[in-house]
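Since the structure comes first, as structure tokens, the remarks are kept for the end.
Keep in mind that this is a model prediction, so the values were computed, not measured.
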Amino acid sequence: MLSFATATCEAVPLPHVMPSGRATLTDYETVRRMIEFISTEYRSQPSLAEIAEAVGRSEETLTTLLKRWAGLTPKAFLQAVTLDHARRLLDDGASLLDAAYEVGFSGPSRLHDLFVKHEAVSPGDYKARGQGIDLFYGYHPTPFGLAIVVATERGLAGIGFADPTDGGEATALEDMRRRWPRARFIADAPRTLPFARRIFEPSRWQEERPLKIVLIGTDFEIRVWQSLLEIPFGRATTYSTIADKIGVPKAARAVGAAVGRNPVSFVVPCHRVLGKSGALTGYHWGITRKRAMLGWESGVLARD
DNA sequence: CAAAATATGTACG
DNA sequence: CGTACATATTTTG
């Protein structure tokens, strides 16, 4: 059974993704290398000098970059990327999703606020796979690399990553085509640019209307994706917690599969779902990017 | 309809 | 720490 869900996403701004949108691709590449190096050499507790050496940038460059990218010092960033830290994001376990509702609208901390409207569509559209829908797409820089942004008339439908390390633009588009094989894809960057800006340029988040997103998936997928929207900014939950939440406690694995099919990465925060141990188990766009997103969110919160 | 495939979780050496 | 298996759901033939 297929349904459409329209979610309006009213968000409190995330500080500083550079307002000018400059040189993000290179910045992310540097961050990516850092995370990869740290993950591999995790045991040896590498010093900043060693990290700088490994990624081929100076210590000063790294410090400035991280400060701008996530608001963190290299040392703090290093900590934000460990397993220990990920575990801490989980701590209240099963109550987390409920707690999100209570805490999300008050307090000094900056949180994502998400309001979701649900709109069902006839089951006959199950096989449509995007039939009859026009999808406009464009490529735009983000803090996590070059992204493909896909939108319908009604709102944002997809975000994917298109960095050279992801296989580039063609691969990213191919990935989107696989999700909606029968939709008509129309290159229209001017049309998708506002979405990219609205999502990744915090200064715009308050000025403009709530972000509309269109989720196209099965009932089960929609339920899972809606649970994702309830996870507070800078926090995380587990596959099994979501399974509990949607009333199918033993379906952790099915939840994982559904989370993996989320087409609107970052906005529907599938990067905030971890294994029960706190381990980063999988991510469509690469574990490194998942780690980067979590580290970035930690940095944003650590600022206040 | 049956079988394969999962971004899991847990138990057992 | 690896391996084995239970499990729910979707996809595919």
Side-chain angles (χ1 to χ4, degrees), chain A residues 1-5 32 35-36 39-40 42-43 81-87 89-97 120-131 144-145 158-161 165-167 171-172 174-183 215-231 235-295 297:
Chain A
M1 210 169 288
L2 185 75
S3 23
F4 283 71
R32 193 188 64 75
I35 293 176
E36 247 158 39
S39 310
T40 355
Y42 172 59
R43 279 157 230 284
V81 163
T82 60
L83 174 64
D84 242 26
H85 177 263
R87 245 196 281 267
L89 298 180
L90 289 174
D91 58 14
D92 20 304
S95 64
L96 179 56
L97 292 184
V121 145
S122 74
D125 286 336
Y126 172 67
K127 287 187 178 165
R129 309 289 272 165
Q131 175 99 42
F144 307 104
I159 297 182
F161 291 98
T165 46
D166 300 308
T171 305
E174 194 47 45
D175 182 87
M176 287 299 166
R177 276 193 205 279
R178 248 195 326 265
R179 294 167 192 266
W180 304 291
R182 308 167 104 115
L215 299 178
I216 307 171
T218 65
D219 278 353
F220 184 76
E221 287 169 345
I222 299 288
R223 273 191 294 158
V224 170
W225 296 341
Q226 284 188 322
S227 299
L228 297 185
L229 290 170
E230 292 173 13
I231 309 171
R235 301 297 305 273
T237 189
T238 67
Y239 297 96
S240 54
T241 304
I242 293 179
D244 284 343
K245 180 74 180 179
I246 64 177
V248 203
K250 292 177 183 170
R253 195 161 187 164
V255 167
V259 170
R261 262 176 256 120
N262 163 38
V264 201
S265 89
F266 189 76
V267 173
V268 175
C270 47
H271 56 282
R272 296 187 199 141
V273 191
L274 313 178
K276 200 154 204 166
S277 67
L280 279 69
T281 40
Y283 193 61
H284 187 81
W285 304 105
I287 305 273
T288 299
R289 188 172 267 109
K290 189 172 182 174
R291 218 180 281 279
M293 287 177 173
L294 291 172
E297 293 192 351

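Regarding Leu228(A), its CG atom lies at a distance of 12 Å from the C1' atom of dA7(B), rounded to whole Å. Look at OH on Tyr283(A): it is 19 Å from P on dT6(B), rounded to the nearest Å. Atom CE in Met293(A) sits roughly 14 Å away from atom C1' in dA7(B) (whole-Å rounding). Ile242(A) places its CD1 atom 17 Å from the C1' atom of dT7(C), with the value rounded to the nearest Å. Taking atom CG on Leu90(A) and atom P on dG9(B), their separation rounds to 10 Å, with Å as the unit. Between Phe266(A) atom CZ and dA7(B) atom C1' there is a gap of 19 Å when expressed in whole angstrom units. Atom NZ of Lys276(A) is separated from atom P of dA11(B) by 10 Å (rounded to the nearest Å). Rounding to whole angstrom units, NE2 of residue His284(A) and C1' of dT6(B) are separated by 14 Å.
With rounding to the nearest 0.5 angstrom, the SG atom of Cys270(A) is 7.5 Å from the NZ atom of Lys290(A).
Between the Arg179(A) side chain and the Arg261(A) main chain, a donor and an acceptor come within less than 3.5 Å of each other. No donor-acceptor pair closer than 3.5 Å links the side chain of Asp175(A) to the backbone N or O of Gly160(A). Under the 3.5 Å distance criterion, the side-chain polar atoms of Arg87(A) are matched with a main-chain donor or acceptor of Ser277(A).
Using cut-offs of 30° and 60° for the angle between ring planes, the Phe266(A) and Phe144(A) rings count as tilted.
Of the candidate nucleotides dT10(C), dT10(B), dA8(C), dT10(C) has the atom nearest to the side chain of Thr218(A). Taking every side-chain heavy atom of Tyr239(A) into account, dG9(B) is the closest of dG9(B), dT10(C), dA8(C). The side chain of Arg261(A) has dT10(C) as its nearest neighbour among dT9(C), dA7(B), dT10(C). Looking at the side chain of Val259(A), the nearest of the listed nucleotides dA7(B), dT10(B), dT8(B) is dA7(B). Among the nucleotides dA8(C), dT6(B), dT10(C), the one closest to any side-chain atom of Ala257(A) is dT6(B). With dT8(B), dT10(C), dA7(B) as the choices, the nucleotide that has an atom nearest any side-chain atom of Ala252(A) turns out to be dT8(B). With dT11(C), dG9(B), dA7(B) as the choices, the nucleotide that has an atom nearest any side-chain atom of Thr238(A) turns out to be dG9(B).
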Quiz item: For DNA chain B, what dot-bracket results from Watson-Crick or G-U pairs at under 3.5 Å, with [ ] for crossers and | for inter-strand partners?
Solution: ||||||.||||||
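Residues Gly275(A) and Tyr239(A) approach most closely at N-CE1, 4.0 Å, considering heavy atoms. Contact detail for Ile287(A) and Leu280(A): the closest heavy-atom pair is CD1-O, 3.6 Å.
For the pair Lys250(A) and dG9(B), the criterion of a side-chain N or O lying under 4.0 Å from OP1 or OP2 is not met.
Residues Glu221(A) and Arg253(A) each lie close to DNA chain C; by heavy-atom proximity, the contact nearer the 5' end of the strand is made by Arg253(A).
Under the 4.0 Å criterion applied to side-chain N and carboxylate O atoms, Arg223(A) and Asp219(A) are not assigned as salt-bridge partners.
Residue-level contact check: Ala251(A) touches the backbone only, with heavy atoms under 4.0 Å from sugar-phosphate atoms and none from bases.
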